[in-house]
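A quick write-up on the structure given underneath.
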Amino acid sequence: MRRTHYCGELGLQQVGDEVVLNGWVHRRRDHGGVIFVDLRDRSGWVQLVFNPDRPEAFRVADTLRSEYVLEVRGRVVERAPELVNPKIPTGAVEVVPREVTVLAQAEPSPVPVAEEDEEVDEVVRLRYRYLDLRRPAMVERLALRHRVTQAIRRYLDDQGFWEVETPMLTRSTPEGARDFLVPSRVTPGRFYALPQSPQLFKQLLMVAGVDRYYQIARCFRDEDLRADRQPEFTQVDLEMSFPDPEDVMAVTEGLLGEALRSAGAPVPPYIPRLTWAEAMERFGSDKPDLRFALEIRDLSAAVADCSFGVFRTALERGGRVRGITAPGLAGATRRELEELTELATAAGAGGLAWLAFGPEGVRSPVAKFFTPEQLERLREGSRANSGDLLLLVADRDQVASPVLGRLRGELARRLELVPSDAMAFVWVTDFPLLEYDQEERRLVAMHHPFTAPREEDLARLETEPLAVRARAYDLVLNGVELGGGSIRIHRPDLQRRIFALIGMSPAEAADKFGFLLEAFRHGAPPHGGIALGLDRLVMLLGKAASIREVIAFPKTARGNCPLTEAPAVVSQAQLRELHLKLPEPGRRS
RNA sequence: GGAGGCGUGGUGUAGCUGGUCUAACAUAUGUGCCUGUCACGCACAAGAUCGCGGGUUCGAAUCCCGUCGCCUCCGCCA
């Protein structure tokens, strides 16, 4: 017997046909004289009806239990009108089995496969992921991811991109995230690293003349996890030769359009753009959530002559006073205001000033420092109406912007300004090439050290390095960084200047990236590309609460896999082969 | 590394201002009944020493401390 149909495919077109189905017992309803079994596969389920007039099949039906695996030969029949179940796609028909074989029995499932809305503990779900993945919601997520991935492959193939695989065992590189290391058996004391991204290899492929490359690439970063972060994750990684940023963005938008279409999501007619400076100024974030407005406003001028010391000091020290107006929040309780203040200080602000505009005037702990005219200027400048709450932060932009950005997000949540079904894409461009790392007390690359500076800023590279803008672009969706890319440096001399700026000596550069610098001496084309987080994209398209929902076998927040119990202890013999020695047990620090 | 939350039959929850809690409910499971259900129904049964360790108390699921696991956030993630 060979399967003829998937369960979920059956409908009125098959009425009268004899079909062979394979699937799992989704539910069994035993009425004594008649037994119904919902037979499920990845396509959905269809009802089997067993009557005593077919004693052989009926006897088997009697022994069936949830999640048994069956092979069924039977006839598709139309249901009487009053028996149609409009809730399922196959509800107009049912299958009358002539022959039923139990291919596998099943113990009672720890994961309720048929109970759709049962929230099951995530560890249990991960421990028995193969059962969890049988649940229709998870099947749909796997299918969605598949469709999106295939749409991307098709599109990039159409655009002339070649899919090339790059090594998973490579070398550790400085900068960036912590590497996962793999000890070498053959060369004692040496280690491979799992790639944080195929960055260097795709650049080498450009030098090789591949011209257009892509890869659905697994990446590894040994950093702490989040709802949208896993230690291994998948990027749609692409690179092209001789591009402008416009070319990369155009390809990305085309790819995204296909991905959205494949997911049944509306495709935006265009994707707006913000420079990094504008994003920070208006939204306090380099990945602004544009599903809601709530913009930051500069009120420095309005408070310039007030008598509030904190503001005056901030202004004198080159800072500004900026604020956000929260509509309708003038009635905020002391507790709510404390929470917002706590949020602001935790984000780095010295404090948070607030003014509640009401019909009887202004309620604020700092109102006494302002004349009525100044208060009116503030209200006007902040566009606040009666009933609104104005939150003010006074500090250098570097400190104040992220604080205001945090507040903006928090206010949007509290005011429920975030439309749940909106998809707000935005490009953020012109990132600073470098930033100052307080901890390491040196300049570091904001994106990565291979990012090209803008031509017109080149002259300022050594004199005003923090003012130099990069030819970089990030794609943001709903406040989540979906991906980022840049035009790369392809000239060895410029690459060496950048390495020097971030404090990497020529010797170190030669040691760590010598192969790349050498490649650039052999005719490197100008090139650039982008990498998109596939898991995040699918997560957002699938309205999933975490990235784990769209990964077949994800890790927990501590990086464990409850199913395989990785990471696990290995034998002394294995360690010896790898020339590794662990500290005595009990001395783990 | 830091902060917060959660942990009770297979699963999901209630109980958690200490004492008929000898732990309840739903669901799943087992048995029986039932010929049109589709989250089938009805009846009966079995199933948890309340994550683990310690402490307080005459008495702890309940209070305290520690610890483990999970989740969220901050740091970190070029």
Side-chain angles (χ1 to χ4, degrees), chain A residues 26-39 45-53 58 65-67 79-80 82-88 90-91 94 106-128 131-132 173-179 196-197 199-200 219-231 233 342-343 345-348 402 406 409-410 431-435 437-440 443-451 470 472 474 481 484-486 498 502 504 531 533 545-546 548 555-560 562 565:
Chain A
H26 191 56
R27 269 191 268 263
R28 175 170 167 276
R29 293 176 293 280
D30 184 349
H31 289 250
V34 59
I35 297 171
F36 300 101
V37 170
D38 292 335
L39 189 68
W45 70 81
V46 67
Q47 174 166 281
L48 312 177
V49 202
F50 294 91
N51 276 294
D53 54 359
F58 191 81
R65 297 293 179 267
S66 285
E67 301 307 314
R79 297 199 199 181
E82 69 275 16
L83 299 179
V84 167
N85 181 357
K87 283 186 262 178
I88 59 171
T90 60
E94 56 197 5
E107 294 174 14
S109 171
V111 178
V113 177
E115 305 299 321
E116 266 305 290
D117 29 346
E118 189 96 323
E119 281 285 329
V120 183
D121 186 281
E122 206 171 337
V123 186
V124 176
R125 294 177 56 200
L126 294 182
R127 168 84 181 74
Y128 302 97
L131 295 174
D132 186 46
T173 51
E175 307 282 309
R178 197 175 293 115
D179 283 317
Q196 296 180 26
S197 83
Q199 182 61 35
L200 297 171
C219 306
F220 303 86
R221 294 177 190 176
D222 189 5
E223 298 292 347
D224 287 349
L225 284 68
R226 283 287 189 286
D228 62 353
R229 259 165 37 192
Q230 282 275 300
F233 61 99
E342 205 172 304
L343 183 84
T345 50
R406 264 310 150 76
E410 179 63 22
F431 278 74
L433 184 72
L434 303 160
E435 62 188 332
D437 186 318
Q438 296 288 350
E439 222 166 274
E440 300 203 34
L443 293 171
V444 296
M446 194 152 180
H447 196 50
H448 57 58
F450 317 107
T451 305
D474 270 12
E481 184 192 333
S486 62
I498 301 294
I502 61 175
M504 194 181 291
S546 98
R548 298 184 297 278
K555 308 277 190 292
T556 67
R558 296 222 29 220
N560 299 320
E565 297 194 297

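Any value given below was found using the heavy atoms of this structure, including those in side chains, with hydrogens, waters and symmetry copies removed. Just so we're on the same page: letters track the sequence lines, and every chain starts at 1. In this text, all values refer to a predicted model and were calculated from it rather than measured experimentally.
B:G9 and B:U67 have their P atoms separated by 24 Å, with the value rounded to a whole Å. Comparing the same atom, C1', in B:G7 and in B:C42 gives a spacing of 35 Å after rounding to whole Å. Spacing of P atoms, B:G51 relative to B:G10, comes out at 13 Å, to the nearest Å. B:C68 and B:C52 have their C1' atoms separated by 7 Å, given to the nearest Å. Atom C1' of B:U17 sits at a distance of 10 Å from the matching atom of B:U62, rounded to the whole Å.
A straight line from CD of A:Gln230 to P of B:C71 spans 9 Å, rounded to a whole angstrom. Summarising the geometry, the separation between CG on A:Leu131 and P on B:A28 is reported as 17 Å, rounded to the nearest angstrom. A:Arg229 places its CZ atom 7 Å from the C1' atom of B:C76, with the value rounded to the nearest Å. Regarding A:Asp224, its CG atom lies at a distance of 8 Å from the P atom of B:G1, rounded to whole Å. Residue A:Phe58 contributes atom CZ, which lies 13 Å from atom C1' of B:G36 at whole-angstrom precision. In this structure, the NE2 atom of A:His26 is 14 Å from the C1' atom of B:A28, given to the nearest Å. Separating the CG atom of A:Asp179 from the P atom of B:C77 is a distance of 13 Å, rounded to the nearest angstrom. Between A:Arg65 atom CZ and B:G30 atom C1' the separation is 9 Å, expressed in whole Å.
In terms of modelled atom types and a separation under 3.5 Å, the side chain of A:Asn85 and the main chain of A:Lys87 share a donor-acceptor contact. Of the possible donor and acceptor atoms, none in the side chain of A:Arg27 sits under 3.5 Å from a partner among the backbone N and O of A:Asp38.
Take A:Asp224 and apply the salt bridge (Lys or Arg N to Asp or Glu O under 4.0 Å) test, not counting sequence neighbours, and it matches no residue. Remark: A:Phe233 engages no residue in a ring-ring contact (aromatic ring centres under 6.0 Å, His included) (not counting sequence neighbours). Applying the side-chain hydrogen bond (donor to acceptor under 3.5 Å, both in side chains) test to A:Glu82 and every residue at least two apart in sequence or in another chain returns nothing. Residues satisfying the side chain to side chain contact (heavy atoms under 4.5 Å, CB included) criterion with A:Thr90, sequence neighbours excluded, are A:Val46, A:Ile88. Considering only residues two or more places apart in sequence or on other chains, A:Ala177 meets the side chain to side chain contact (heavy atoms under 4.5 Å, CB included) condition with A:Gln196, A:Arg221, A:Glu223. Scanning for side chain to side chain contact (heavy atoms under 4.5 Å, CB included) contacts around A:Ala445 gives A:Pro449, with sequence neighbours left out. For A:Asp132, the side-chain hydrogen bond (donor to acceptor under 3.5 Å, both in side chains) test picks out A:Arg125, A:Arg129, A:Arg135, with sequence neighbours left out. Take A:Glu115 and apply the salt bridge (Lys or Arg N to Asp or Glu O under 4.0 Å) test, not counting sequence neighbours, and it matches no residue. Residues forming a side chain to side chain contact (heavy atoms under 4.5 Å, CB included) with A:Glu94 (at least two apart in sequence, or on another chain): A:Gln47, A:Val49, A:Val77, A:Arg79.
Pairing for B:A39 is absent, with no Watson-Crick or G-U wobble pair whose two atom distances lie under 3.5 Å. Under the Watson-Crick or G-U wobble criterion, with both distances below 3.5 Å, B:C70 is paired with B:G5. The nucleotide B:C77 finds no pairing partner, because no Watson-Crick or G-U wobble arrangement with both distances shorter than 3.5 Å includes it. Summarising the base pairing, B:A45 is matched to B:U29 through a Watson-Crick or G-U wobble pair whose two defining distances lie under 3.5 Å.
Checking B:G36, B:U72, B:U31 against the side-chain heavy atoms of A:Ala227 singles out B:U72 as nearest. Comparing B:G36, B:C77, B:C74 by their closest approach to the side chain of A:Glu223 singles out B:C77.
Checking the phosphate oxygens (OP1, OP2) of B:U29, a side-chain nitrogen or oxygen of A:Ser66 falls inside 4.0 Å. For B:U72, one of the phosphate oxygens OP1 or OP2 lies less than 4.0 angstrom from a side-chain nitrogen or oxygen of A:Arg548. For A:Arg226, a side-chain nitrogen or oxygen approaches OP1 or OP2 of B:C74 to under 4.0 Å.
Contact annotation for A:Pro562: no contact, since no heavy-atom pair falls under 4.0 Å across all strands. As judged by a 4.0 angstrom heavy-atom cut-off over every strand, A:Arg125 is placed among residues making no nucleic acid contact.
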Reading nucleotides 3-14 of chain B from the 5' end, what letters show protein touch, with B for base, S for backbone sugar-phosphate only, - for no heavy atom under 4.0 Å? -------SBS--
Determine, for nucleotides 37-44 of chain B in 5'-to-3' order, which nucleotides have protein heavy atoms under 4.0 Å from the base (write B), from only the sugar-phosphate (write S), or from neither (write -). BBSB----
Show your working on side-chain contact (heavy atoms from CB on, under 4.5 Å) between A:Glu565 and A:Asn560 and close with a plain yes or no. CA-CA 7 Å; A:Glu565 297 194 297; A:Asn560 299 320; over 6 Å; no
Can you pull every protein N or O that's under 3.5 Å from an N or O on nucleotides 67-69 of chain B?
unit_1	atom_1	unit_2	atom_2	d
B:G69	OP1	A:Arg558	NH1	2.9
B:G69	OP2	A:Arg558	NH1	2.9

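Across all their heavy atoms, A:Ala227 and A:Ala545 have their closest contact at CB-O, 4.4 Å. Among all heavy-atom pairs drawn from A:Pro231 and A:Leu225, the shortest one is CD-CD2, 3.4 Å.
Along RNA chain B, the nucleotide nearest to A:Ala557 and the one nearest to A:Gly33 differ in position, and the one closer to the 5' end is contacted by A:Gly33.
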